[in-house]
Amino acid sequence: MLDQLAGPRPKWKGSALINPDRIAMAGQSIGGAAASEAMLKDSRVRAGINMDGSMFLPIPKSGLARPFMLMGAPSDDSTWERDWERLTGWKRWLVVKGALHPSFTDYDMLLQQLGIDLGGGLKETRSMDITRTYVGAFVDLHLRGKPQPLLDKSSPRYPEASSAHRRPRTADVNACAPGR
């Protein structure tokens, strides 16, 4: 896909708009799982976000040393637990209280507008606000080099989002330091 968009013979007329040094991949569900897989196969993808998707293929023991963020609904997804230690670059694991699997897309919000309540705790546009804000902060930090304090600590504006580092150790804390 990247070759078709920004390769030597791009098929998209707007390819000049793509800076090949500033490519991130973010996805929800299976698209989130694809983000880490794409990063492992293509070094042009400098940063990735998995929003509530199981990591179907394990990150290899050699690790993934580029920035990666896990962002999801409260769950006990063992694949995130398995791969957390193998994320050796900058990393965050955010749990969004009240979120459901579709909360990281517009699906939950649109259903609410139709009067269908999936039972989540994020009402109206709140899930979209949280998703846009955290994804935007991640991209600004890792592709534009703009400091993002939002990613360093809890925010009173977004009390639903909290860090979920499992089995924290000194190495984990250091791996989450800004600039890594």
Side-chain angles (χ1 to χ4, degrees), residues 1-6 12 14-15 17-59 63-75 77 79-80 82-84 86-110 120 122 125-152 155 157-158 160-165 175-176 178-180:
M1 174 71 96
L2 284 177
D3 288 337
Q4 291 184 6
L5 291 174
W12 182 49
S15 64
L17 298 171
I18 298 174
N19 180 339
D21 295 327
R22 292 184 177 180
I23 295 175
M25 182 173 175
Q28 189 267 350
S29 196
I30 199 163
S36 61
E37 293 175 35
M39 290 179 73
L40 290 166
K41 292 181 178 168
D42 194 329
S43 62
R44 293 176 293 180
V45 183
R46 290 190 36 207
I49 303 171
N50 179 342
M51 293 179 281
D52 216 48
S54 292
M55 307 279 271
F56 294 107
L57 294 178
I59 292 175
L64 177 59
R66 281 171 274 151
F68 201 83
M69 184 166 71
L70 299 164
M71 182 175 176
S75 76
D77 188 328
T79 66
W80 286 22
R82 175 197 69 210
D83 288 342
W84 177 249
R86 294 178 180 179
L87 295 171
T88 57
W90 185 101
K91 61 185 176 179
R92 291 293 182 276
W93 179 340
L94 296 174
V95 173
V96 181
K97 184 179 178 185
L100 302 170
H101 186 65
S103 296
F104 302 95
T105 68
D106 56 5
Y107 186 70
D108 187 21
M109 179 191 68
L110 292 172
L122 302 174
T125 62
R126 189 62 177 167
S127 63
M128 298 299 297
D129 294 340
I130 292 168
T131 301
R132 258 190 301 241
T133 299
Y134 278 89
V135 169
F138 178 85
V139 169
D140 281 347
L141 175 62
H142 296 293
L143 298 187
R144 294 186 177 126
K146 295 180 180 179
Q148 297 296 316
L150 176 69
L151 298 173
D152 294 330
S155 168
R157 284 189 64 203
Y158 303 99
E160 304 92 340
S162 61
S163 182
H165 299 132
C176 291
R180 291 213 53 199

With sequence neighbours excluded, what pairs up with Arg44 under the side-chain hydrogen bond (donor to acceptor under 3.5 Å, both in side chains) test? Asp3, Asp42

Quick one: list whatever passes side-chain hydrogen bond (donor to acceptor under 3.5 Å, both in side chains) with Ser103, sequence neighbours left out. Asp108

Residues that Asp83 engages under side-chain hydrogen bond (donor to acceptor under 3.5 Å, both in side chains), provided they are two or more places apart: none

Side-chain contact test, heavy atoms from C-beta onward, threshold under 4.5 Å: evaluate it for Trp12 versus Ile18 and give yes or no. yes

Is there a donor in the side chain of Asp77 and an acceptor in the side chain of Thr79, or the other way round, less than 3.5 Å apart? yes

Flag side-chain contact, heavy atom, 4.5 Å: Arg46 against Leu143: yes

Partners passing side-chain hydrogen bond (donor to acceptor under 3.5 Å, both in side chains) against Asp140 (at least two apart in sequence or in another chain): Arg144

Distance col, row Lys146:NZ vs Leu141:CG, nearest 0.5 angstrom, shows 11.5 Å

Ser155: which residues meet the side-chain contact (heavy atoms from CB on, under 4.5 Å) condition with it, sequence neighbours left out? Tyr134, Leu150, Arg157, Tyr158

Heavy atoms only: give me the nearest His101-Ser29 pair and the separation to one decimal. NE2-OG, 2.9 Å

Which residues satisfy the side-chain contact (heavy atoms from CB on, under 4.5 Å) test with Ala34, sequence neighbours excluded? Met25

Rounded distance (nearest 0.5 Å) linking atom CG of Leu110 with atom OG1 of Thr105: 8.0 Å

